[in-house]
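All values derive from a computational prediction rather than experimental measurement. Numbers here simply count residues along the sequence, with the first being 1. Every number for a ligand or one of its atoms is a count from 1 in the order of the listing.
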Amino acid sequence: MIKILPSVESFLARQHGLLIGGQWQPAASAATFATLNPATGTELAHVAEGDAADVDRAVAAAQAAFPAWAAVLPAQCERLLHRYADLIETHREELAQLESLDNGKPFNVAYNVEVNVALGQLRFYAGMPTRLKGETYPVSSPGYHVYTRREPLGVCGAITPWNYSTVMAMQKIGPALACGNTLVLKPAEQTPLTALRLGELALEAGIPPGVLNVVTGFGHTAGAALARHPHLRKIGFTGSTEVGRAIVRSSAENLAHVSLELGGKSALIIFDDADLDAAAETALWAIFANSGQNCVAGSRLFVQQTVYDNFLSTLVGRAQALRVGPGMQPDTDLGPLISQAQQRRVQGYIERGLDEGARLLTGGATAPSADGYFVPPTIFEHVADTATIAREEIFGPVLAVFPFSDEDEVIARANAVPFGLAAGVWTNQLARAHRVAAQLHAGVVWVNTYDWFDPAVPFGGRGASGHGRELGMQVAELYTELKGIWIKV
Ligand code: NAI
Ligand code: MG
């Protein structure tokens, strides 16, 4: 096992409060809850259980901090955000250990992917304040000079999931703050720790009290109270489609801007002219990375009939070689699932797959256990397009493989789900790559690769996968308001 850093030991031993107006405070109710280590099922740390009263206080603190934060000069805002990034870089190993322990993912993934991606994002957002600009307009009435200004919205809310807690927090903290807003962050109850540490580091970086507030707590209490808060101007949500719908309903009352990054059932399509060895390695990680708890998981694999048998036997062989274990064990490929509830949910899907006539090639359900929520890499074939495991997001290491014969057929089948987050195409024919990529219903299409991100590139979904694009400069559209100004000259 990787040795736990003393700084992590002492962080875990603390009784964590809520971060409101720069102060660590207990919940108004004094309630606390435990976050578990999913590799063992044991308690990892205790945090405050915030609810509506605490959300009220946090929104008030964010409102009080807003005018001064919005007035910070762009270059100064950039300096503060870079200082924040420097601190995250300094504490990278510590954050990665916290994430690995709280979420279960392998430490090297937490370090090289999770924390590194969050850091890259923050560096990108740190460059935004001096680049947020309006435009001038050639209006057709004489004697006017017309221009727009981009102005911050005010108090924003963020509700984030547990699968990439550090990245998901930063994907909302970064643009909200860079655009001059203040924020109340409600991290997932399964993984509150890195959000608390990110709040602490923001203060240490000199970001003023009240600009970033962190309220730990449950979704139906703290999360729902935040989404419906009358003073909220925007809510950024990442999580399930069902909760996304509830967030939209709340916004009917407060009319907050809403952006939603929801689930997926992404198709990865392998044509017979592709580099099949590289495609198999990509298909393997497209589904099994983060134990399948990935919004862009390539959970439906379409393989052209002509190469189907060989491709599948390579894939199954590689899946069987993956090592399942605790995230803090150095040779682990797949950590546990986040919770016993998620383990049960995924096992339910595996049983459903068998009931509906699919053929299990490897993996399968294991007995639910209270001491570590592991599920082995699981692959099904002979899955009907209408089967539950072909249509619903499983969010676990479960792959459904389908043979196909031609391009039009596979495009139609790939598009036949309500989700529209991501898709992948493997082919060495240039024209086909462009043709297929253009026709797939998805917010992102990867060709001869999968699951790549960059802070400069917009990301988001369609349909049941949500709406709005995070990342990229156009994220400013989610976190600012345009004002048109008419000057009679
Ligand atoms: P969830 O959608 O319930 O949780 C995500 C966040 O929303 C958490 O912070 C939670 O506390 C909060 N939340 C829950 N109910 C809320 C409410 N009524 N109002 C406001 N906030 C609320 O997701 P859950 O239950 O953890 O996972 C269930 C399934 O959702 C997964 O199996 C997966 O299919 C999907 N999911 C998708 C994610 C993605 O990256 N797109 C991330 C997490 C879950
Ligand atoms: Mg946990």
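Regarding atom 39 (C) of ligand 1, its nearest protein heavy-atom neighbour is Cys295 CB, 3.6 Å. Annotation: atom 43 (C) of ligand 1 to nearest protein heavy atom, Pro161 CB, 3.5 Å. Here the heavy atom of the protein found nearest to atom 7 (O) of ligand 1 is Phe237 CE1, 3.2 Å. Counting protein heavy atoms only, atom 30 (O) of ligand 1 is closest to Ser240 CB, 3.0 Å. The protein non-hydrogen atom at the shortest distance from atom 14 (C) of ligand 1 is Gly219 CA, 3.5 Å.
Considering backbone and side-chain N/O atoms, Thr238 never comes within less than 3.5 Å of an N/O atom of ligand 1. Inclusion of Leu262 in the set of residues having an N or O under 3.5 Å from an N or O of ligand 1 is warranted.
At least one heavy atom of Gly263 lies less than 4.0 angstrom from ligand 1. Within the structure, ligand 1 lacks Gln293 among the residues with a heavy atom less than 4.0 angstrom away.
For Asp385 (side chain) and Arg413 (main-chain N/O), no donor-acceptor pair under 3.5 Å exists by modelled atom type.
A salt bridge links Glu114 to Lys105: one of the charged nitrogens lies within less than 4.0 Å of a carboxylate oxygen.
Distances from atom 32 (O) of ligand 1 to the heavy atoms of Arg245, His220, Gln342 show the closest one on Gln342.
Using a 4.0 Å threshold on non-hydrogen atoms, atom 3 (O) of ligand 1 counts as touching the protein.
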